[in-house]
Amino acid sequence: MAVWDAIVLGAGGVGSATAMHLSKSGARTLAVDQYPPAHANGSSHGQTRIIRQAYFEHPCYVPLLQRAYDLWHQLEASTSQKLFHRTGLVELGPRDGIVIPGVLQSAKEYSLPIEELSPSTIHERWPGLRGDEKWGGVIEQNAGFLRVEQCVQAHLDTAKRHGCQFLHDCTVLDWTSDQNEVKVVTDRGVETAARLVIAAGPWTRSLFPILSPHLRILRKHLYWFKPEKESFREQNGFPCFFHETPQGFFYGFPCFNGTGVKVARHSGGQLIESPDSSSTKRKPQDDQDRQLVIEYANQYLPGLGSNMTSTAKCYYTSTPDEHFVIDRAPGHPNVTVVAGMSGHGFKFASALGELASQMALNTEIPFDLTPFTIRRFAS
Ligand SMILES: Cc1cc2nc3c(=O)[nH]c(=O)nc-3n(C[C@H](O)[C@H](O)[C@H](O)COP(=O)(O)OP(=O)(O)OC[C@H]3O[C@@H](n4cnc5c(N)ncnc54)[C@H](O)[C@@H]3O)c2cc1C
């Protein structure tokens with residue numbers, strides 16, 4: 001008989017939440033991660049992640065986001081800490097582009113409160129934000145940012161409180177499954193379980209090879225600026241921001257707790273094989289990306305200045321359609337995979353953990369997951 005009811009492979013953004021939901025459901029759960037808790041080697045670090053509901057990517061995400069909001073609030077309440085900063089999010093871009101029409105569509109379908117504002121009104125309200133006068137603009141007040149490492153740690157701590165066991169600094173080398181159980185081979189031995197959830201982020205390609213041709217791993221860069229003006233601070237009402245520009249999508253966060261203004265480019269990225277490959281380690285910094293971010297800041301964030309104080313790198317794991325994979329492994333009904341977050345998955349992590357746990361435990365799934373199946377890649 002298997003030792004564990006469930007093993008979670010990966011205890012990052014999604015895996016930490018999955019471990020919490022499984023152990024809360026009473027499942028004897030083991031979570032394995034190759035790095036220490038809330039580490040900075042994968043996709044869930046760098047202080048902050050934007051969270052929003054009027055989802056320009058597709059309205060089908062909105063119900064999942066509403067559940068994610070509830071679960072983040074529950075996590076805050078149960079751990080007595082502030083994880084979600086409701087700063088609001090200003091989005092600016094062409095009226096016939098991707099962002100503004102997408103936001104308006106999701107807001108309309110789900111009656112979400114957003115306010116449409118012209119770029120000049122936005123600039124009057126927040127002099128540090130600017131957009132082309134021909135563009136549209138919206139503010140979603142119910143949006144903001146999550147403290148990413150604190151969220152992961154809060155999920156891990158709560159999982160532990162509910163009896164989850166952890167193997168950190170332990171690498172999974174392989175897994176197999178038959179009708180009865182799953183065997184997970186690690187560099188410390190073999191673990192057996194009734195179910196396996198794979199939440200391996202940018203390492204998914206090697207652990208789940210059938211997805212490999214459909215996942216692109218992109219190294220992305222984050223930049224912090226020390227602003228020239230006090231108005232960029234969260235306590236002075238500065239919001240998160242997202243621009244669709246002719247040079248691509250860019251976004252950023254207000255200063256909080258003495259940090260700078262974090263700015264990054266959502267588009268682009270350096271294509272890599274894997275975060276660990278020697279070619280990734282040899283790859284130089286992305287000078288073009290840095291230059292584009294500086295030019296973006298000069299053009300659209302007046303008063304930010306050019307004092308860049310630090311940088312970090314992180315990985316997107318992108319599918320061809322940039323929609324997630326949330327599915328059971330073909331031919332392995334006791335293996336669930338959550339992958340391909342395509343650079344927009346963290347805000348969902350709380351709900352994805354619950355979903356992965358429901359899939360693993362074969363309980364009812366209250367969402368339509370058709371857009372997230374593996375079989376969509378077959379065509
Ligand atoms: C720069 C950047 C900005 C982003 N901005 C946003 C945003 O504003 N809003 C948003 O919603 N999302 C955003 N995202 C996306 C979001 O952060 C990711 O989608 C999400 O964090 C991915 O979580 P994950 O659990 O899939 O991956 P990870 O958190 O990387 O977790 C995978 C875990 O698996 C472990 N693992 C892998 N292989 C093995 C193995 N063989 N053995 C043991 N352990 C293993 C890893 O060590 C890791 O801990 C951003 C991402 C980046 C990189």
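In each ligand, atom 1 is the first atom listed, and ligand 1 is the first ligand listed.
Within 4.0 Å of ligand 1, heavy atoms belong to protein residues L9, G10, G12, G13, V14, V32, D33, Q34, Y35, H39, G42, S43, S44, R49, I50, C170, T171, V172, A199, A200, G201, P202, W203, L207, L222, Y251, C314, Y315, Y316, M341, G343, H344, G345, F346, K347.
For Y296 and H243, the ring centers are positioned less than 6.0 Å apart. For an aromatic pair to be called close, the ring centres must be under 6.0 Å apart, and W135 with Y300 satisfies this. Between Y316 and H344, the distance separating the two ring centers is not shorter than 6.0 angstrom. In this structure, H266 has its ring center at least 6.0 angstrom away from the ring center of F250.
Taking a 6.0 Å sphere around CZ of R130, one finds it holds more than 12 heavy atoms contributed by other residues, nucleotides or ligands.
Using a 4.5 Å heavy-atom threshold, the side chains of Y61 and F348 count as touching.
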